[in-house]
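Down below is the structure, laid out as C-alpha cells.
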Protein chains: 2
Amino acid sequence: MNELGIPSAHAAGRESGRATRAREVADSLTRAIHEHRLGPGMKLSEDEVGEIFGVSRTIVRAALQQLAHDQLVTIEPHRGAFVAQPSVREAREVFEARALLEPRTARSAAERATPEDIAILRRHIAQEHAALHAGQDGAALRLSGLFHIEIARIADQATIAEFIGQLVSRSSLVIALYWRRRNALCESHAHDALLKALADRDGALAEDLMKGHLLDLLSSLDLREAPGQRRSLKEALGRA
Amino acid sequence: MNELGIPSAHAAGRESGRATRAREVADSLTRAIHEHRLGPGMKLSEDEVGEIFGVSRTIVRAALQQLAHDQLVTIEPHRGAFVAQPSVREAREVFEARALLEPRTARSAAERATPEDIAILRRHIAQEHAALHAGQDGAALRLSGLFHIEIARIADQATIAEFIGQLVSRSSLVIALYWRRRNALCESHAHDALLKALADRDGALAEDLMKGHLLDLLSSLDLREAPGQRRSLKEALGRA
DNA sequence: GGACACATGATCGTATACAATCTGCGCACC
DNA sequence: GGTGCGCAGATTGTATACGATCATGTGTCC
C-alpha cells in the first residue's frame, strides 16, 4: 500500500505536541501530489489513507476536506475523494490567476529581498538542480514550486503567498495532465535569471521575467480541447 | 441563543437531497459574519453552534474548519473557534491582494458582460440601495460584497472569483474592526459608476474605477498601529 | 444471448462515546 | 492579604458505531 513513499505514522511520530494531526496528513498528501507520486484521478479511500497514516477516518476526512478546499482533490458525495483532474479550462484559469499575482509580487520581492533571502533562494535552486540531476523529477517539480512560494514570502505578503501556494499546487496537477515535452531545463534557467534580478534589486526586470516565465510554462502545456485525455478511457469505461 | 437571526435547522429544512450539511452551516455562519451579526472575536462553541443548527459536533467541526481555511475564524487548539480578528497588517494585505486581482478582473468583465449580466448587477445595486434605506446595514454590506464577486463571475474566471470571494469575506471583518466613518453612500456611487462602465463595455474605465474604489475603501479604514484596538483590553487582560 | 432486477459488499455520512486538555474556582500556605 | 496548588467543570481531539448510499455480481426473464 505504501509504495508511494508516504511516510508512515511512526515516521511522523511525536513531533512536538502538535495539535492537529489532520494537518500532518494533509501535508503529506499535498507533498505526494506535488511530487506526482499521487496522480490525477487516483482514489483516496478514507479507510486506506487512515490505515497508511495510522489515524482514524475522522482525521483523514478533515485532511481530505482541506485538500478539497485547495481543489487538490474532488470529493464526490457517497463515492469518495479523488485527486483532482483540472479541466483545460481550469488549467488556463490557474495560469491566468498566476499571471495576475506573481509578476507584481516578484517586483515587490526584488525591492525587499535581503541577502539572507537571496541565499535561501540560491539554496533552493541548488536543490532543484541536484534533484534534477539525480533524476528525481517529482522532487524537482516540488522544489520548483517552492521557489515561487518563497518569492511571495519574500514580498512579505502572506495573503498573496497563500493564494500563490494554492495555485502552484494546482499547477502541479495541470502539469501532470497536460505537460508536453520533457525539457525542464528552460525552467531552471528562468529561475536563475529571476534570482539574479532579485539579487540586483531590479524590480522591473523581476516582474518581466516572472511574466515571461509563466507564459513559457503555459505554452509548454498541451491545452487543446481534451476533457480528460489521460486516463479518460480507463475512467470512462470504468464508470459512466 | 438565536438572537443573531441565524436560521434554525428547521428553517433550512429538507432543501433537496443536499449532500453535505456542513456546507449549509458554513454558509449560514459566513453570511452572519458578512452581515456583522457575528463580530470579530466572538466564540463559536461547537456544542452551541450544533444545537442552534440541530446538527452534531461532527458537522460543526467540518464547517468551522472550512471557515478557518477561509480565515474567517481562528481555531485555537483545545480552546475553540473564534471569529477572526484580522490584524492591521492582514487588513492591508487583503486590500493589496484585492488591488492586484480586481481591477484587471473588472476590465475582463467589462469586455465580456452580456445584457443579462448587466441586469443582474443592476438588480444587485437596487437591493443594496433598498437595504441601505431600510437601515439594514449588515445586509447592505453583504450585498456590496456580492457585487464584487459577481463581477469576477462575469469575467468568467472561477478561480479568481473564488479568491476574490475569500478576500471580500475577510474585508467584511476588516470593516467591522477598522471602519472609520459611516458614509456608505460613496460606495454605492462607486458601484453605480462601475456598472455604467461595464454596460458601456469600457474595460479601461472599469479597471480604473475599480482601482479607485478599492483605494477609497482602504482609505476609509483606520489602520494605524493598534494591534487589536477594539476589544484588545478585555482580551489582553482576559488572557496573555 | 442480452438486459434488467435484486441481493450483497464496500464505502461514505453522521452521531455518539471516551480521553486529553484547558479554564476557573477554592483552599491552603506563605 | 497575596500567591501558588489542586480539583471540578467544561470544551475540544479522536475513535468508533451505526445507518444510508452507491458499486458490483448474479440470476432470471425476455
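Since this is a predicted model, take the numbers as computed values, not measurements.
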May I ask you to decide if A:V25's main-chain N or O and A:S28's side chain share a donor-acceptor pair within less than 3.5 Å?
no
A:E46 CD to D:dT14 P, in whole Å, measures 16 Å
Would you mind telling me which of C:dC22, C:dA15, D:dA15 lies closest to the side-chain atoms of B:V55?
C:dA15
Please identify each residue that fulfils side-chain contact (heavy atoms from CB on, under 4.5 Å) with B:Q136, with sequence neighbours left out.
B:A131, B:A134, B:A139
Atom CD of B:E76 to atom P of D:dT12: distance rounded to whole Å?
12 Å
Under the salt bridge (Lys or Arg N to Asp or Glu O under 4.0 Å) test, which residues partner B:D117, sequence neighbours left out?
B:R153
In whole Å, I'd like the distance from the NZ atom of B:K43 to the P atom of D:dT11.
7 Å
Residue A:H78, side-chain atoms from C-beta onward, closest of D:dC22, C:dT14, C:dT21:
D:dC22
A:F82 CZ to D:dA23 C1': how many Å, rounded?
11 Å
Flag side-chain contact, heavy atom, 4.5 Å: A:Q65 against B:Q66:
no
Residues which pass salt bridge (Lys or Arg N to Asp or Glu O under 4.0 Å) with B:R89, listed by chain and number, not counting sequence neighbours:
A:D156, B:E93
Figure out the CG/C1' separation between B:D47 and C:dT16, and round it to whole Å.
12 Å
Which whole-number value in Å describes the distance from B:E51 CD to C:dT16 P?
12 Å
Between B:E35 and B:R31, is a salt bridge (Lys or Arg N to Asp or Glu O under 4.0 Å) present by the stated rule, with each step listed?
CA-CA 6 Å; B:E35 296 185 352; B:R31 182 164 171 152; 3.4 Å; yes
Selection: residues 56-64 of chain B, any non-hydrogen atom under 4.0 Å of DNA chain C
B:S56, B:R57, B:T58, B:I59
Would you indicate, yes or no, if D:dT21 has its OP1 or OP2 atom less than 4.0 angstrom from a side-chain nitrogen or oxygen of A:R79?
no
Nearest-Å distance, CZ (A:R21) to C1' (C:dA19)?
14 Å
For A:R98 and A:S171, indicate whether the former's side chain and the latter's backbone hold a donor-acceptor pair under 3.5 Å.
no
By the side chain to side chain donor-acceptor pair (under 3.5 Å) test, which pairs, at least two apart or in different chains, include something from residues 160-169 of chain A?
A:H34-A:S169
Could you state the CD-C1' distance from B:Q65 to D:dT14, rounded to the nearest angstrom?
12 Å
Above 12 or not: heavy atoms from other molecules or residues under 6.0 Å from CD of B:E90?
yes
Using the C1' atoms of the five pairs at each end, what is the angle between the end axes of the helix from C:dG1-D:dC30 to C:dC30-D:dG1, to 10°?
10°
